[in-house]
Structure formats: C-alpha cells, structure tokens
Protein chains: 2
Amino acid sequence: MERITIRDIARISGVSKSTVSLVINNSPKVDPETRRRVLRVISKHNYVPSVAASALAKGKSPFIGMIVPGLTWRMVAPMNYGVASVVETTPYEIILYTSTNDHDYASVIDRMLTSGLSAGVLVIAQDQPMDPLLDLHAQGVPVVLINTLGSSVDLPSVEADSYEGARTAIRHLLDLGHRRIASLQGPMKYRCCQDRQRGYEDALAEAGVTADPAFTVPSDFDPVLARERTRELLDRADRPTAVFAHNDSTAYAVMEAADDRGLRIPDDLSLVGFDDIPSSAHVRPALTTVAQPFVEMGRHAARMLLAAIPSTERTAGEDPPAPIRIGLETTLVVRASTGPAPG
Amino acid sequence: MERITIRDIARISGVSKSTVSLVINNSPKVDPETRRRVLRVISKHNYVPSVAASALAKGKSPFIGMIVPGLTWRMVAPMNYGVASVVETTPYEIILYTSTNDHDYASVIDRMLTSGLSAGVLVIAQDQPMDPLLDLHAQGVPVVLINTLGSSVDLPSVEADSYEGARTAIRHLLDLGHRRIASLQGPMKYRCCQDRQRGYEDALAEAGVTADPAFTVPSDFDPVLARERTRELLDRADRPTAVFAHNDSTAYAVMEAADDRGLRIPDDLSLVGFDDIPSSAHVRPALTTVAQPFVEMGRHAARMLLAAIPSTERTAGEDPPAPIRIGLETTLVVRASTGPAPG
DNA sequence: CTGAAAGCGCTTACAG
DNA sequence: CTGAAAGCGCTTACAG
C-alpha cells in the first residue's frame, strides 16, 4: 500500500495542494465549506502529512529534546510523566537523549546538535557541565533545566523550593520537641543543598535554638560516606536526637547507621529526608520527608519551554520568557521516622 | 548564521552534490582521495546533513519509537539505559512515547503512527492491549516487546526467565530448611506470573515437598490487597515459614503484614521477592530477591529491533528475525530477608 | 478564497 | 569514479 500524499488528497477533494496544506495548517483563509470537504477526505483516507516533508519545508522540527541522566535518578519517571502530559497536547514529540555514563555528557549534546532536530531542549539536571547548554542557548535554542543542581546558571529552570522545604522540615522537628538537630549535608556546591542548609539554619534561629556547628556534618549524596559520617555523629556523647538528611537516599544511610549503633527510629532518633522518592513510603520505618513536586516540575518546565519556542502561533512581537528560576512549593510528608524528642 | 547545506559543501570542495551525498552515506564508489577532501571540508565547516531532508529523500526515518508506561515502573530507568547504550552507537534517535494514564494507550500508538516517524518500535510492556501493536507489526513496522506481561503474543519479546528465577528462589529457601513455603501470586493472567508459579511448584516437587494448596495465595500486584492476603495467611495456625512474593512491591507488602502480626523477618518468616528494583537494597531488612537483568534486557531488545529494521546495509535476501521470545537469565540476590527455617 | 510555481535539502537512478 | 536532473512531500509567497 502506497503512502497517500497531499497530492492524492488534493486530487480527490478537487482542490489544489496549496489549499489542502492551508487546511492542514488551520489557515483561516480557507472557505469553511471547502475546509469541511477536504477534512472529510483526509479523515476518510486516513491521511497523515509527512513530518519529514513538512519539517523540511517549514524549516523547523516538531521535536523537543529531553536529556535525562542515565540511571539512578528516581525522580525522572514522575518528571517525565509531567513533561509528557503537556507535550502530548501539542504537535511536538520528545526525542530522548540519555546520557549514559560511558559516553560523556558533552557528546549527547553534540549528538543533539548534530541531528539539528530539537526546537527546544529540556534537561533533567545531573552534575553535568553547563557550558554546552549555554552555547546551545546562545545559538537560539530554548533550553529549560529541571531540577538544577549547579549553583547559578543563566538558564531558565524549574525546581523545588529547597529553602522553604527545609525550613518546614526543621520546624516539624522543633514542634516535636527536638533541639539537638543535625544536618547531614549533600554536596554543598549544589545550590539546592545550600538552600536546604540555609533553611535548616534559619528555622533553628527563628526558634531561638543555637545550632551546634558539630551538628552540621559535611557529606555528599554517596550512601557509603553518609553512613560513615552518621556513625561518627551518633558516636558523640552529645549526639543529636534528630537528623535532617539533604535527600532520601542519604536518609536511608542514616537508617543503616542508626541500626549499626542500636538506635531505634523514631524512638531514639528522628529522621527526615528530602525528595520523597517512591521507595521512601516503603522503607521501614516509612520516611518522613519533604516531597518535591516532580510531576508538576515536569509540567511547568514543558510549558516554559513551549512558550520559549518561537511559534507561528505566537505574535512576533512577544518576547521569549526571561531566564527565570522557578521554585515550586514542596510538601512535608509526615510518616513514621519522626517522633517526639526522647527524654 | 545561515545553515550550511550540501550545496555549500559541494561548491567548496569542488565536487557535485551527488558526490558529497555519496561520501556522507559511505558509498564505496567514491575515490578515496575525493572522499578525504570532502570529509575535510565537512568537518572544517561543521556541516551536518539535515535529518528531515534525508528522511524525506530516503523515504524512511532515523527514529525508533519507545513506548513506556507513565509512572510507577521502577524498571524503566535501567531498561532505558540499556536501550540507549545500543541506540547511541547507531544513527537512530529515540522518540519517547509515554502512555500517561489519562490518555488511553491506543492513542499513543495512534500518535506514533500518525507521525509516521518510527522505523521500529520498542515497547516496555504494561498491561496494555496488544492489538494495536499487532496491527503495527502487520503493517511492516518491526516491534519488540520488553518485559512482556500478556500471555502469548506473536511478537518478538525479551524478558527475564521467570521460571528459572522462581525455581532458584525456592531452592534457596529449601536449602535454608524451609518446607512450608507460600507463593504470593501476581495476576495470573500474566505469563511471567504463570512461570513463577510453575517454578515454585516444580522446585518444591523436585525436593519431594508436597505443596499445601492453601499456601498458594491468589493476589495481584496491588500492595493493599497483597498485605491483606498475607495477613490472612499469617493468621493460619499452620502458617508458612517463608513466602515467595511474585514481585518486590508485593514483598514490601508482606513485610508490612508481618509487622502487623508481630513477626520478625527473617527470624520468624523468610521472604524472597522478584525483580530487584532499586529500593529493595534499602528496605529493612534488605530484600532477598530474584534480580531481573533490566539493563541487559534493554540492550537485547534494542539489538533485536535494529536487526529487524530493513536497512540498506543488510543484504536484501536476509530474512527478518522470527518473532521469538527471549528469556534472559536472572540472578538470585541474597540479602537479609531470608534465613534458616525457625525451630 | 484558491491555484501554479518555486523551493526546502537531501538521494538516487542514469549517463558518461 | 563523477555530475546533471528528477524527485521525496510538503509550504509559502505571489497572482488572480
């Protein structure tokens, strides 16, 4: 069966290719009656315009590139879900670029540029270099970051409000009577971790609690290191009664460390994480944590990107959105890992 | 900056567009010297052929469609990783079709057909209807399923060897002295669950243990139901000393049910799951489970699909691979949820 | 409101 | 081994 083309539709409906094209592209200057007739023929014959041909003729592609980190990141599923839910309402399709660890991140960008296919790019941030993205952006390709890690980049981005999230988490702990609260940090080069730390400090200060510097423990998101650091922390004579871990996986490490030291959660030690990755509802005890609105982050980012892609539908005068950084609201999910301060 | 085209390259290197095209497509009939010269110009000017134009001219697209279930599925990250790692060695790109729950699955397929973009389709199976895929396949679009759930479909597919996996799991339990072993089933309409059940039964039979029919407990992959069913099971006077859950999330539900009944794992009850989703290493106690080779499944599926796409590189005579079902080997990961039978 | 024509950037027989 | 020409299936001024 031969592919049916615009020429066939034109012939069958008794109009020119131009007219069919105008109908396809929703031009208002087609006579309503003609339009209806053409549409009928189109649907009767199940005609679908060739994407390749129209991309070539129009000089632009209906794709948005999405760069996702290879493995590990538990948040990509919900984010992707959010992105997909808005993209599917548009004529765009998503091209997936997975940055596997083997091949360098830059080569993914390269590949993307090479294909020249993406009208815009969504990147789920990992710990990647920002320069290639800035280049892209400079070349006029809209870029939106989801979950920025790097400190400040001049690229539009959407993430969760880490500062407020942390503040809320600490207040929860304070409300439970805790005063000796530790902060198990993530990599402090990440802006989100800086924000979480600030939230921790401010909440404490607001409550008139002086933070013990020894309770701010430097670590990173590596579970092994986190477990080790927590062990040391718990070995102190004046150990904390609660710890705020900068993300959920690190919180799991705290659970293990507590276990190692024979401490029960939440009876001997309260614990709150950050992220609310799916498994946090299933660990025992279930983790109290600050939930990031992953789905909404995906949605928001997709909308921002779409808005930034110059479209025929948009009035030419409109400016592309400024490179803003959006911080979406988090939710504290109270589960079983936090309880009243002991004693 | 204007896009540089094949015509520019031709002009600069002093050859015709045809020749440049032949060089791009690795035709052997270009003089090596000419080839080198053209290649030099290409790289000097950073020329990249327009994908849209070549797709149009060639009449086929360099895309493979990948359909993934919206949320929830913990295995898609590693599978996607596997797929990406092989696709990135080819000229193909991946178009991501996420079947969000809102919009029906069939519409995703429809959208895919509509774009007419995919030279082949990879689908990470959920509980979706197979008919649209069979249609696709019938229309000559290669389709490969990853992780087939449905019973038998006549589509090539790659999955884990559930039968052997289950058998190994049960043998592990038998070796630990367990005789009263329960099987907490998944939806038995799924072929993989049928296989797991067979593996359970056969391992028992081989060891000369008669399976108590009451120990085969029908359930599905819904945690709430699984927890309820397990509670009932544990309330029996002659309760089992071990349970084999047909997947990891259900195993988590067993943990909760055991907790509800004051039973400790593994002291009072041993537990093994199936899948080895990432969180299983983190639940307490860490779950002993049958690991599916997700990354390898993705790799294998991608290779099968690529092989099934008629390419100019393949000799015309070669037959497309038959619709086989591949079962990749699983690995039993022994962690903390299994121990010697009590008593 | 509609049609004829040129063009988007490649590829592919076909000559030579 | 190389080039001229036609064609892939659309879109877009330009006339009318």
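Proteins get letters first, then strands, A, B, ... in listed order; numbering begins at 1 in each. A quick note: this is a predicted structure, and the numbers were derived from the prediction, not measured.
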Rounding to an integer number of Å, can you tell me how far Leu22(A) CG sits from dC1(C) P? 11 Å

Under 3.5 Å for both donor-acceptor distances, Watson-Crick or wobble: does dA13(C) have a partner, and if so which one? none

Pairing check on dA4(C): which nucleotide meets the Watson-Crick or G-U wobble criteria with it, both distances under 3.5 Å? none

Identify which nucleotide among dG9(C), dT12(C), dT11(D) has an atom closest to any side-chain atom of Asn25(A), counting heavy atoms from C-beta outward. dT11(D)

Separation of dC10(C) C1' from Leu56(B) CG (nearest whole Å): 8 Å

Heavy-atom pair with the smallest gap, counting every atom of Pro156(B) and His137(B): CD-NE2, 4.2 Å

With a non-hydrogen cut-off below 4.0 angstrom, is Ser54(A) in contact with a base, only sugar-phosphate, or nothing? sugar-phosphate

Ignoring hydrogens, what is the shortest heavy-atom contact between Val141(B) and Gly120(B)? Give both atom names and the distance. CG1-CA, 4.0 Å

Picking from dC1(C), dA4(D), dT2(D), the nucleotide nearest the side-chain atoms of Ser18(B) would be dA4(D)

Please report, rounded to the nearest Å, how far the P atom of dT2(D) is from the CZ atom of Arg11(B). 19 Å

Ser21(B) near the nucleic acid: base, sugar-phosphate alone, or nothing, with a heavy-atom cut-off under 4.0 Å? base

Side-chain contact check for Thr19(A): nearest option of dC10(D), dT2(C), dT11(D) is dT2(C)

By nearest-heavy-atom nucleotide on DNA chain D, the more 5' of Arg35(B) and Ile6(A) is Arg35(B)

Atom pair distance, as rounded to whole Å: CD1 in Ile9(A) and P in dT11(D): 13 Å

Expressed in angstrom and rounded to an integer, what is the separation of Arg7(B) atom CZ from dC10(C) atom P? 10 Å

Heavy-atom pair with the smallest gap, counting every atom of Ala55(A) and Ala52(B): CB-CB, 3.9 Å

Whole Å only: how far is the NZ atom of Lys17(A) from the P atom of dG9(D)? 10 Å

Using modelled atom types only, decide if a donor and an acceptor are shared between the side chain of Asn25(B) and the backbone of Ser27(B) within a distance under 3.5 Å. no

Base, sugar-phosphate, or nothing: which does Val20(A) touch, judged by heavy atoms less than 4.0 Å apart? nothing

Minimum heavy-atom separation for Val23(B) and Arg35(B), please, with both atom names. O-NH1, 3.6 Å

Taking the minimum atom-to-atom distance to the side chain of Ser16(B), which one of dG3(D), dG9(C), dT11(D) wins? dG3(D)

Please list, pair by pair, any protein nitrogen or oxygen found under 3.5 Å from a nitrogen or oxygen in nucleotides 14-16 of chain D.
none

Quick one about Ser21(A) and Ser18(A) (side-chain donor to acceptor, distance below 3.5 Å, no hydrogens or angles considered), yes or no? no

Nearest to the side chain of Lys58(A), which nucleotide is it out of dC8(C), dT12(D), dT11(C)? dT12(D)

What is the minimum heavy-atom distance between Ala119(A) and Ser61(A), and which atoms define it? CB-O, 3.5 Å

